[in-house]
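Just so it is clear: chains get the letters A, B, ... in the order the sequence lines come, proteins before strands, and each one is counted from 1.
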Protein chains: 2
Amino acid sequence: MEDKYAGLKLGNQLCFPLYACSREIVKKYKPFLDELDLTYTQYITMMVLWERKQMNVKELGECLYLDSGTLTPLLKKLESKGWVTRKRAKEDERVLIVTLTKEGEMLRDKAVSIPEKMSCCVKLSPEEGKTLYTLLYKMLGND
Amino acid sequence: MEDKYAGLKLGNQLCFPLYACSREIVKKYKPFLDELDLTYTQYITMMVLWERKQMNVKELGECLYLDSGTLTPLLKKLESKGWVTRKRAKEDERVLIVTLTKEGEMLRDKAVSIPEKMSCCVKLSPEEGKTLYTLLYKMLGND
DNA sequence: CGCAATTACATTGCGCACAATTCTTTATGA
DNA sequence: TCATAAAGAATTGTGCGCAATGTAATTGCG
């Protein structure tokens with residue numbers, strides 16, 4: 001006999017392992033990020049700024065899939081730590097420009113060892129990691 | 001010339017699409033869950049209880065990868081909505097037993113359509129979904 | 001030009017997550 | 001036995017996430 005509730009089983013969900021996996025991995029970053037006084041969200045924000053040096057809040061939000069409700073307080077914290085500056089654009093006062101400071105740039109050298117340290121924690125082969133990566137971005141697909 | 005910071009690029013992280021994807025999908029559940037007055041975390045908690053009917057907090061935490069700091073207030077909310085009861089075990093007063101109520105069981109019939117509704121939102125083929133599922137559980141691997 | 005609509009960010013409020021600590025109850029071992 | 005350790009939840013405090021709302025600046029349209 002068919003189980004009309006089969007679709008509701010936790011083991012039949014795709015979303016749940018995604019949700020659980022995401023949190024478990026972020027947790028593994030914590031000891032390394034603690035050394036730099038960064039949370040995971042602050043870390044990926046810095047990651048974007050290390051690549052671009054200067055961005056506004058909207059652009060940051062698009063990169064990170066986060067809105068101003070999350071970014072505004074987070075960026076204020078990064079500013080209070082001296083790693084970024086927050087300044088309105090002269091051409092358009094609505095826009096807030098976030099700029100990496102010298103200290104923020106220097107943090108990059110301390111962070112550079114984190115990805116290698118983390119790679120040991122991942123229990124997938126390089127090919128599996130690549131497959132996972134591709135599927136996740138496909139799922140995320142901006143359409 | 002080599003980029004010594006290549007490992008720090010957001011696009012080279014496996015964790016980031018995992019983190020972003022998880023949140024994006026949970027967001028897609030929201031309109032459906034709103035109709036049942038459930039959050040996503042409450043939903044997966046109910047999902048476990050629909051299968052087991054009765055569990056203690058520790059067991060729930062193991063299923064969901066959550067601790068009492070998250071579950072205690074969440075379960076109190078589910079209790080206040082009348083979907084579960086919370087009661088200490090007689091044999092061991094340390095253990096709190098969470099039991100599905102009749103109303104909680106009835107909610108299952110309303111929730112049963114959610115998985116099908118959600119499947120439309122996923123931009124992966126069934127095989128891709130299965131591959132993703134397998135890789136995520138492998139990554140989550142309880143060792 | 002004048003004003004409504006839009007844009008960009010900030011604020012508020014709620015619900016997680018999670019580390020750290022506390023509290024109560026149960027198990028253990030000298 | 002009884003002190004000590006361990007187990008299971010609850011509590012506390014911090015930091016997201018995000019929907020909803022607010023505010024100020026800019027755009028677009030008649």
Quiz item: A/Lys77 has an atom NZ; how far is it from atom C1' of D/dG13, in whole Å?
Solution: 12 Å
Quiz item: Quick one: on DNA chain C, does B/Thr70 or A/Leu71 contact a more 5' nucleotide (nearest heavy atom)?
Solution: A/Leu71
Self-check item: Distance test, side-chain N/O of B/Asn56 to OP1/OP2 of D/dA9, below 4.0 Å
Solution: yes
Exercise. In plain terms, say whether A/Arg86 and A/Glu79 are close enough for a salt bridge, that is, a side-chain N and a carboxylate O under 4.0 Å apart.
Key: yes
Quiz prompt | Residues B/Arg52, B/Glu59: salt bridge by 4.0 Å N-O rule | solution = yes
Quiz prompt | Within 6.0 Å of NZ in B/Lys27, more than 12 heavy atoms from elsewhere | solution = yes
Self-check item: Nearest to side-chain heavy atoms of A/Arg94, which nucleotide of C/dG15, D/dA7, C/dT7
Solution: C/dT7
Practice problem: Please tell me which of the listed nucleotides, D/dG17, D/dA9, C/dT11, lies nearest to the side chain of B/Tyr19? | Solution: D/dG17
Quiz item: Rounded to whole angstrom units, what separation is found between the CG atom of B/Leu38 and the C1' atom of C/dC16?
Solution: 14 Å
Quiz item: Counting side-chain heavy atoms from C-beta on, which of D/dA19, C/dT26, D/dA25 comes nearest to A/Asp92?
Solution: D/dA25
Practice problem: Could you state the atom-to-atom distance from CG of A/Asp67 to P of C/dT12 in whole Å? | Solution: 15 Å
Exercise. Please state how far atom CD in B/Glu24 lies from atom P in D/dG17, giving the value in whole angstrom units.
Key: 12 Å
Practice problem: Pick base, sugar-phosphate or nothing for B/Thr39, based on heavy-atom distances below 4.0 Å to the nucleic acid. | Solution: sugar-phosphate
Exercise. For B/Ser68, answer base if it contacts any base atom (sugar-phosphate contacts may also be present), sugar-phosphate if it contacts only those atoms, and nothing otherwise; contact means non-hydrogen atoms under 4.0 Å.
Key: base
Quiz prompt | Spacing between B/Leu64 atom CG and C/dC18 atom P, to the nearest angstrom | solution = 12 Å
Practice problem: Ignoring backbone atoms, establish whether B/Arg88 has a side-chain N or O less than 4.0 Å from OP1 or OP2 of C/dT26. | Solution: no
Practice problem: Send over the distance from B/Lys27 NZ to C/dC16 P, rounded to a whole Å. | Solution: 17 Å
Self-check item: Sugar-phosphate only, base, or nothing, as touched by A/Glu91 at under 4.0 Å among non-hydrogen atoms
Solution: sugar-phosphate
Quiz item: Ion pair present between B/Asp37 and B/Lys77, side-chain N to carboxylate O less than 4.0 angstrom?
Solution: no
Quiz prompt | A/Glu105 with A/Lys102: basic N within carboxylate O range, under 4.0 Å | solution = no
Quiz item: A/Lys76 has an atom NZ; how far is it from atom P of C/dA10, in whole Å?
Solution: 6 Å
Quiz item: Are any of the side-chain nitrogens in B/Lys9 or A/Glu51 under 4.0 Å away from the carboxylate oxygens of its partner?
Solution: no
Quiz item: For B/Arg86 and D/dA10, is the shortest distance between a side-chain N/O and OP1 or OP2 below 4.0 Å?
Solution: yes
Quiz item: For the pair made of NZ in A/Lys58 and C1' in D/dA24, what is the distance, rounded to whole Å?
Solution: 17 Å
Quiz item: Which residue, A/Leu96 or A/Arg23, contacts DNA chain C at a nucleotide closer to its 5' end, judged by nearest heavy atom?
Solution: A/Leu96
Quiz item: So which one's nearest nucleotide on DNA chain D is more toward 5', A/Leu74 or A/Ala89?
Solution: A/Leu74
Quiz item: Has A/Thr41 got a side-chain N or O lying under 4.0 Å from the OP1 or OP2 atom of D/dG17?
Solution: yes
